[in-house]
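The structure appears below as structure tokens.
As the structure is a computational prediction, the values presented were derived from the model and not from experiment.
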Amino acid sequence: MKVYLESFGCSASQASAEIMKASIERLGHELLSPGTADQAEVYICNSCTVKYTTEQKILYKLRRMGERGVQVIVSGCMPEVQLEDILHANPEAHILGVNAISRLGELLSSLEQRKKEGLSGGTRLELRTSEPLGFLNVPRERYNPNIHICQISQGCNFACSYCIVKHARGKLHSFPPDEIVEDIRAAVADGCKEIWLTSQDDSQYGMDTGVRLPELLRMISEIPGDFKVRIGMMNPFTVFPILDDLVDAFESDKVFKLLHLPIQSASHSVLKRMNRSYKMDTVDTIIKKFRNRFEDLSLFTDIIVGFCDETDEDFRETVEWIQKYRPEKVNISRYSPRPHTKAFSFRNLDSRISVKRSHDLHKICEQIKLESKQAMVGWKGRVFVSKYTQTGDVLTRTDSYRPVVIGGSNLKPGQYVDVEIVAAKPGYFLGKLVDN
């Protein structure tokens, strides 16, 4: 069959899509290339439900594909929390549970059998598993052959009032550390030079099993080979209990000095309504400990603007925090009420206020980013060659994950070279090789 797979959402969702793509090809189906969905006999939507706009885009696609007579399979988070919405858009949509990506082959085989028998319809199929299966040590069709996305856990043990993902993915289930190490070892042997550790919250890893993230990082760092590890998002309330050990684990040459610490708001009243279990002095302690140890640390954060009852003063506190700590990257989202969450019943702000605050914060963050980038011009140091760009240049990374593009070279992923940053572009730096 001709199969088109479209994936939405986070890097964990992307990892699942890579596994599903490999399953499609292993069974002998034709995996259609991007932009050719109109040729599909089967449309697989690996869904995301974090934002209302994404949800609506997905429901539109499910409806249109159904109207064209295409077999539709929905995986990812939406089937776990918005099944009624999916079936309203497409009553014949088949469901692959968020834990059941390893069973995609069963679902496709059933649809292929129906095709052979000349059956265009039939009973809607649902395949689910209570425990996450098939996320590690399985074949993949990677989006980039140099990057391996390793999901280290599924689910979350906390309950932020705005977050629907907890309801979709359930309680924390940390994957066995030896299986994670083997998964990464195989990826390195397969030529991957950059390893992304992903989950709903990386610093929750091991809260249910005992082997916490710092120990896992030490185990990964002992794997032979030239590769670097990018650690994904970690919440302040799960970083703080393991802070000293985590900072020590970041000392490894194989770990990028990148701290992705989503604060969502710097206002204590907003954090309380969000059910975020920390105060800003905890966040400040975390950042100071990392920056004291790693002078060139990159700091990423996430901000939700326009959360329920957010005042001008609440927003001002967030702006002042951003101006003080000057993160290299700020992911800004306007608050979007999600079903099944506690905040869904809260009073929402006028959308015009959220739009203005989002616009204002974007301008502030862009100015900070521009100033930080200009300050890096002239920097000299060692970089890690990560991957080839679409234009044939190479993308390298500083130890703190800053992207530096080098043109006209014979560099290969996995090498270390010395460079000088000669210019700053909106999303990256331009560099040139320098002699040792």
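- At a cut-off of 3.5 Å, with distance as the only test, no side-chain donor of T238 or N235 sits close to an acceptor on the other residue.
- Minimum interatomic distance between V98 and E80 (heavy atoms only, all atoms of both residues): N-OE2, 2.9 Å.
- Ring-centre distance between F240 and Y278: not below the 6.0 Å cut-off.
- Other residues, nucleotides and ligands contribute at most 12 non-hydrogen atoms within 6.0 Å of the OH atom of Y60.
- Two residues are said to be in side-chain contact when any heavy atoms from C-beta on lie closer than 4.5 Å; D309 and F346 fail this criterion.
- No side-chain donor-acceptor contact under 3.5 Å links S265 and S267.
- Two rings, from F175 and F135, have their centers less than 6.0 Å apart.
- In this structure, the side chains of H148 and R142 come closer than 4.5 Å at one or more pairs of heavy atoms.
- With 3.5 Å as the limit, one finds no donor-acceptor pair spanning the side chains of E41 and Q71.
- D208 and S174 share a donor-acceptor pair across their side chains, judged by distance under 3.5 Å alone.
- A salt bridge links R273 with D314: at least one charged nitrogen is closer than 4.0 Å to a carboxylate oxygen.
- Pairing each heavy atom of V70 with each of A40, the nearest pair is CG2-O, 3.6 Å.
- By the 6.0 Å and 45° rule, K257 stacks over the aromatic ring of F294.
- When all heavy atoms are compared, the tightest approach of S130 to N99 is O-ND2, 3.4 Å.
- Taking 4.0 Å as the cut-off between side-chain N and carboxylate O, R212 and E215 do not count as a salt-bridged pair.
- Summarising the local packing, CZ of R64 is surrounded by 12 or fewer heavy atoms from other residues, nucleotides or ligands at distances under 6.0 Å.
- The shortest side-chain heavy-atom distance between M234 and L213 falls under the 4.5 Å cut-off.
- Across all non-hydrogen atoms, the minimal contact from P413 to S386 is CB-O, 3.5 Å.
- Considering only heavy atoms from C-beta on, N157 comes within 4.5 Å of Q204 through its side chain.
- A cation-pi arrangement is present between R382 and Y416, with the terminal nitrogen or guanidinium carbon under 6.0 Å from the aromatic centre and inside a 45° cone about the axis.
- Side-chain contact between L111 and I73 is present, with at least one heavy-atom pair separated by less than 4.5 Å.
- In summary, the side chains of W196 and E194 do present a donor paired with an acceptor at a separation below 3.5 Å, with no hydrogens or angles considered.
- In the displayed structure, D281 atom CG is contacted under 6.0 Å by more than 12 heavy atoms of other residues, nucleotides or ligands.
- Within a 6.0 Å radius of CD in E371, other residues, nucleotides and ligands contribute more than 12 heavy atoms.
- Between atom CZ of residue R114 and atom CE of residue M1 there is a gap of 11.0 Å, rounded to the nearest 0.5 Å.
- Between D226 and K254, no side-chain nitrogen of the basic residue sits less than 4.0 Å from a carboxylate oxygen of the acidic one, so the salt-bridge criterion is not met.
- Note on R140 versus E18: salt bridge recorded, some NZ/NE/NH1/NH2 to OD/OE distance being below 4.0 Å.
- Considering only heavy atoms from C-beta on, R397 stays 4.5 Å or farther from V383 through its side chain.
- Atom-to-atom distance recorded for I184:CD1 and I223:CD1 is 5.0 Å, nearest 0.5 angstrom.
- Ionic pairing of D399 and K228 is present here: one or more N-O contacts between side-chain nitrogen and carboxylate oxygen are shorter than 4.0 angstrom.
- By the neighbour-count criterion of 12 heavy atoms within 6.0 Å, atom NE2 of H340 is densely surrounded, having more than that number from other residues, nucleotides or ligands.
- Within a 6.0 Å radius of CD in E313, more than 12 heavy atoms belonging to other residues, nucleotides or ligands are found.
- Looking only at side-chain heavy atoms (C-beta outward), S333 and K51 come within less than 4.5 Å of each other.
- Closest approach of S75 to I44, counting heavy atoms only: OG-CG2, 4.3 Å.
- By the 4.0 Å N-to-carboxylate-O rule, R293 lies close enough to D248 to be salt-bridged with it.
- Ion pairing between a basic and an acidic side chain is recognised when a charged N comes within 4.0 Å of a carboxylate O; E126 and R124 show such pairing.
- In this model, no donor atom of one side chain and acceptor atom of the other lie less than 3.5 Å apart for D360 and S358.
- Each of K369, R402, K373 was checked for a salt bridge (charged side-chain N to carboxylate O under 4.0 Å, His left out) with E328, and the lone residue meeting it is R402.
- When all heavy atoms are compared, the tightest approach of V319 to L361 is CG2-CD1, 4.2 Å.
- For R338 and T49, the side-chain atoms include at least one donor-acceptor pair closer than 3.5 Å.
- With a 4.5 Å cut-off on side-chain heavy atoms, L259 and F300 do not count as touching.
- No donor-acceptor contact under 3.5 angstrom links the side chains of N275 and Y162, judged on distance only.
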